[in-house]
Amino acid sequence: QNINQRKTEAQRVVFEIVKLTEDTVDPGEWGKNFPRQYDGYTRTVDVERTRYGGSENIQHLDTRPVWRTIFNGYAFSIDYREERGHAYMLADQRETERVLRRAQPGACLHCHASVLKAYRDKGVEAGIAPDEAHRGDAIMKGFEVVCAMPYGEATKLVEHPVACIDCHAPDTLQLRVTRPGFINGIRALARSDYPIPHFASIERWRKGSRAEPYDPNTMASRQEMRSMACAQCHVEYHFAGEGKLLTYPWHKGLKAEQIEAYYDEVGWNDWVHADSGAPVLKAQHPEFELWSQGIHARAGVSCADCHMPYKREGAIKVSDHHIRSPVLNIARACQTCHPASDSELIARVETIQSRTRGLMDRAESAVLDLIRSIQSARAAGASDEQLKAARALQRKAQWRLDFISAENSMGFHADQEAARLLGESMDYARQGQVEAVKVGGSATITPPTVPQGAAGKPPGQAPPPK
Amino acid sequence: QNINQRKTEAQRVVFEIVKLTEDTVDPGEWGKNFPRQYDGYTRTVDVERTRYGGSENIQHLDTRPVWRTIFNGYAFSIDYREERGHAYMLADQRETERVLRRAQPGACLHCHASVLKAYRDKGVEAGIAPDEAHRGDAIMKGFEVVCAMPYGEATKLVEHPVACIDCHAPDTLQLRVTRPGFINGIRALARSDYPIPHFASIERWRKGSRAEPYDPNTMASRQEMRSMACAQCHVEYHFAGEGKLLTYPWHKGLKAEQIEAYYDEVGWNDWVHADSGAPVLKAQHPEFELWSQGIHARAGVSCADCHMPYKREGAIKVSDHHIRSPVLNIARACQTCHPASDSELIARVETIQSRTRGLMDRAESAVLDLIRSIQSARAAGASDEQLKAARALQRKAQWRLDFISAENSMGFHADQEAARLLGESMDYARQGQVEAVKVGGSATITPPTVPQGAAGKPPGQAPPPK
Amino acid sequence: MPDAPRGPSPARSFLGLGLAGLVLSTVLGVFLGLSLYTFNHAEGLSYMSDDPRACVNCHIMREQYDGWQKTAHHAAATCNDCHVPHDLIGKYIAKVDHGYRHSKGFTFQDFHEPIQITRGDLQIVNNNCLRCHSGLVSELNVHTPQGVQSANCVHCHAGIGHGPKR
Ligand SMILES: [Ca+2]
Ligand SMILES: [Ca+2]
């Protein structure tokens, strides 16, 4: 009988079937001890769709062709898809045209595979002592080595997408961060003067002696770790220097303009735009950075609260390891905090998202017009000197647009901030067009791009709840 | 039907010292029966300041001189102040340079005085039967009469700012709406197909026979009335036709572009801009319209919840009739719903407001540049035909900027919506500049205006809570 | 408060059935909706007691119980003070109704999670706020288009029973 069973479940402890160590990479092994979490984990292969998200790996370049122009001259102009579940991360990276048709470094693996053991082995190979005390050093060294390797070689070192061991200590199952890129990044952030009210442990560290660098694994609260685990990968990055060292640009703060200021300072360009000749930046999945600007972060709501909500299985509450869009799981993801119906909560999400989408449509047109304008001025013989102002404005406009476009929540993670950046993007883009027109560029004004596929259903007011 | 509101016997123990009737305009008389509410009411004379609001009647034209240009050719360019407590509403209207130096109609009084008795008397004078059954008709008629009168004459008919009788029925103290402009406006809105999830009574009326027009006083829920009472005045308006009939432009919905579409349809311009020759619109305090786009409205949070929170006085709780900025009263206004500290809640408000302020700085510069650009093209001999596109874009850009600038919460009432409108404003303004440059206009780009006074302290990130 | 923000409103129509209906629903509630075994084992009869521990017999009520222990009401009001009507008939109708739905939910595991309070039960709660605090809020019982109504306490004080949700 059900109630009987549930009373038993409530008392059950973990049966240790397998002994887990730092060498147990295979999640299947972990699954023997933790079948519920493993179940969820494997379900990230599921394919589902939401209005603006979901996990169908559609080609964005087809649904929104304007991006072929915006990315012209860069690998993203040949293949750029909707991301999907964690189960696919390694395969998707190996198979993208960006890897097949362009040379990429081993640095890419950092976020697409269970790399920990590979890093450590390489570090030991490079001469770090193989004892427990030097495990961290070996990983950090191996990270540097792997970053610099060609992708084709490096990818042979790994075989699993992100696995249990990447987020959990094998003995205690405690949540942990393991990614060198993140550990370096969060230290730089801690050393900056960027106010970060949602990470009290950093504010505390700043007030201390600062003798030891900030260490999430020993200093962060459990609730903070529930976001930091994801901030290992869902962040903006670049590959610094010849060694292609994966670096998170948080030295001046997490806002788009602070990251831009850092890139300006170190003189970083992702590429030179093929049509306009402007030195531009590429934004990549700044979920953590955008979430940090939002009210949920401010109120202490973590990534895991929405993307890995608790799920009752019998008498036991487990974190749903089927990481996916919360829109597919409104009851558990939202209703523990918001007492409203499913349809009402979906309407709230879509109201925010359709505002963002509408602004993005406009900003895409503005950046497109700017590129065409510079291109035509250039064709008409304008000098680099004459085009300098317009190109600098393209860099700013495109960065802000891409920041919100590359971010994956369609503005939900910080709605007003997303709208602010898109607003600034349009201001800069049209200013740039004024500058370009001045030196002979075209003055065409394109109406907001019309979405080509269902991924961008036309924005509209969300319907009232039933 | 509203949930969980017990219908009770009137247990209110009120010592009826004075018999209140529809002729008791003087709030002092009402105060004899309701001393606590009267106390609060009289305190609206207090002068206090918040970062972006408060009740010091500073001259906006001095703190932000760009508005002298934006309003050029219109009365607002000679006097435009920060609004303050209800106690001042009549005096401030009588003394503004906009009234002293420009002819204004009696329509102005609708929202600045206790006009109910005056309307009724004028209606009866105009021939409506003086009995109870025709009270509503007489008021409506008198409203039309007074709207068309010159201001100087009309203002002699009244002597009090908004008073108890304007919001309450004298016999039962029931909350009511009395303003003809609002009653006509909300009916037009009900007849439109604009989705209005936060007013369930309207959605319900739409599903019915529609034989009777929508009537807030009999159909709205108590919670809805707690917003409608304010929506009588804190709204966008214009004076239609020769009769200067005060009209709320809600026929197509409450969003800025729906109001704009209505104005375009009826061919309304507030004035022709002195420098650019563009036919432009003036936005006025669209608090109700903006609030309607926000998450608080969607969650059923009313104006009174924040601006008239309950206050314990001894053994009794009453509504705080000292209507003012909630930032001056965080504990009561916010903390029953948001369990966070005062400083944290103020930081949340100011984070939203400083984003809005930052975008507004930019949009002001964009509109200014557009005006200068059209002006210079015009001076250089561009024809009206050539300037048509740029002027049409000025109308759009200026409307969106002014909508958020004239709204009094610095974006708080609907943060993402405010940012969206400012973003669109910049896009249109700079597009207009491209059009103007094409026909010979100046291509100057002004950096965001620097605030001149403390009312616009430079935007920044709000400090972390203590 | 906008329309329908809450969970489903189950049939409480038998409220109007009078005494015969009450007896009938009790019988139906016990014999159809759940087996006696379930009822006993879950200490279902403790529905008739006012001890909060009766509620945590179901682990599913644990969160509310833990929360309640930390609120000011811990010393002032038990679960039933807020969640059960305090007129005699209403009290037992509600207990049968709850007993039926909760046991059914628990047995068949077919209820909506997180648990959301129903409209009817919210009404009961609100009435109970007034029962204890009527003096303080007597001025807030105002005339409205729908007659004299109390304020909707839970609109502002949602966290009062077992702590804030967010
Ligand atoms: Ca996806
Ligand atoms: Ca003010």
Side-chain angles (χ1 to χ4, degrees), chain B residues 1-14 34 36-37 168-169 171-176 196-201 203-204 215-226 297-302 305 309-310 312-319 332 334-340, chain C residues 1-9 12 67 70-72 82-83 85-87 90 116-160 162-166:
Chain B
Q1 181 59 38
N2 229 25
I3 46 162
N4 67 335
Q5 295 174 349
R6 175 157 90 168
K7 298 189 180 173
T8 50
E9 294 311 305
Q11 317 156 319
R12 198 160 15 88
V13 236
V14 170
F34 304 100
R36 291 190 174 85
Q37 287 81 3
H168 294 286
D171 47 353
T172 61
L173 259 278
Q174 182 177 324
L175 207 52
R176 64 177 182 181
I196 187 157
H198 55 292
F199 282 160
S201 68
E203 299 281 1
R204 229 173 2 251
D215 176 11
N217 284 323
T218 56
M219 299 173 187
S221 71
R222 175 177 181 179
Q223 187 63 11
E224 290 170 352
M225 288 300 284
R226 290 167 56 89
R298 186 115 210 176
V301 184
S302 72
D305 287 350
Y310 290 129
R312 182 180 182 149
E313 299 206 347
I316 204 102
K317 255 171 90 170
V318 297
S319 298
R332 294 193 178 97
C334 320
Q335 284 172 355
T336 44
C337 297
H338 299 289
Chain C
M1 182 150 309
D3 237 3
R6 304 279 172 179
S9 185
R12 296 179 54 83
K70 294 186 203 114
T71 65
C82 288
H83 285 292
H86 279 71
D87 55 293
Q116 288 179 316
I117 196 158
T118 59
R119 282 169 169 242
D121 282 12
L122 208 47
Q123 174 100 45
I124 293 173
V125 170
N126 217 51
N127 288 348
N128 281 325
C129 308
L130 287 164
R131 192 167 53 83
C132 295
H133 295 289
S134 58
L136 186 70
V137 300
S138 57
E139 283 219 18
L140 311 187
N141 297 328
V142 297
H143 286 265
T144 76
Q146 289 80 31
V148 177
Q149 286 185 346
S150 80
N152 174 359
C153 314
V154 179
H155 175 59
C156 299
H157 296 292
I160 203 68
H162 9 82
K165 288 199 171 151
R166 48 183 153 78

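Residue numbers begin at 1 in each chain, while the letters A, B, ... track the order of the sequences.
- Under the 3.5 Å distance criterion, the side-chain polar atoms of Arg222(B) are left unmatched by any main-chain donor or acceptor of Gln146(C).
- Summarising the geometry of His155(C) relative to Cys337(B), their closest heavy-atom pair is O-SG, 4.1 Å, with the distance given to 0.1 Å.
- Only the backbone of Pro216(B) comes within less than 4.5 Å of a heavy atom in chain C; its side chain stays farther off.
- Distance check: His168(B) NE2 to His143(C) NE2 gives 12.5 Å after rounding to the nearest 0.5 Å.
- Proximity of Glu139(C) to Arg36(B): side-chain heavy atoms (C-beta onward) are separated by under 4.5 Å at one or more points.
- Nearest heavy atom pair, residue Leu140(C) against residue Val318(B), reads CD2-CA, 4.2 Å.
- Using a 4.5 Å cut-off between heavy atoms, Gln37(B) contacts chain C through its side chain alone, with no backbone atom that close.
- Proximity to chain C is limited to the side chain of His338(B), based on heavy atoms less than 4.5 angstrom apart.
- Both the backbone and the side chain of Ile316(B) come within less than 4.5 Å of a heavy atom of chain C.
- The shortest distance between side-chain heavy atoms of Val142(C) and Gln174(B) does not fall below 4.5 Å.
- For the pair Leu136(C)/Arg312(B), a side-chain contact is recorded, criterion being any heavy-atom separation below 4.5 Å from C-beta on.
- When heavy atoms are compared at a cutoff of 4.5 Å, Phe199(B) does not approach chain C at all.
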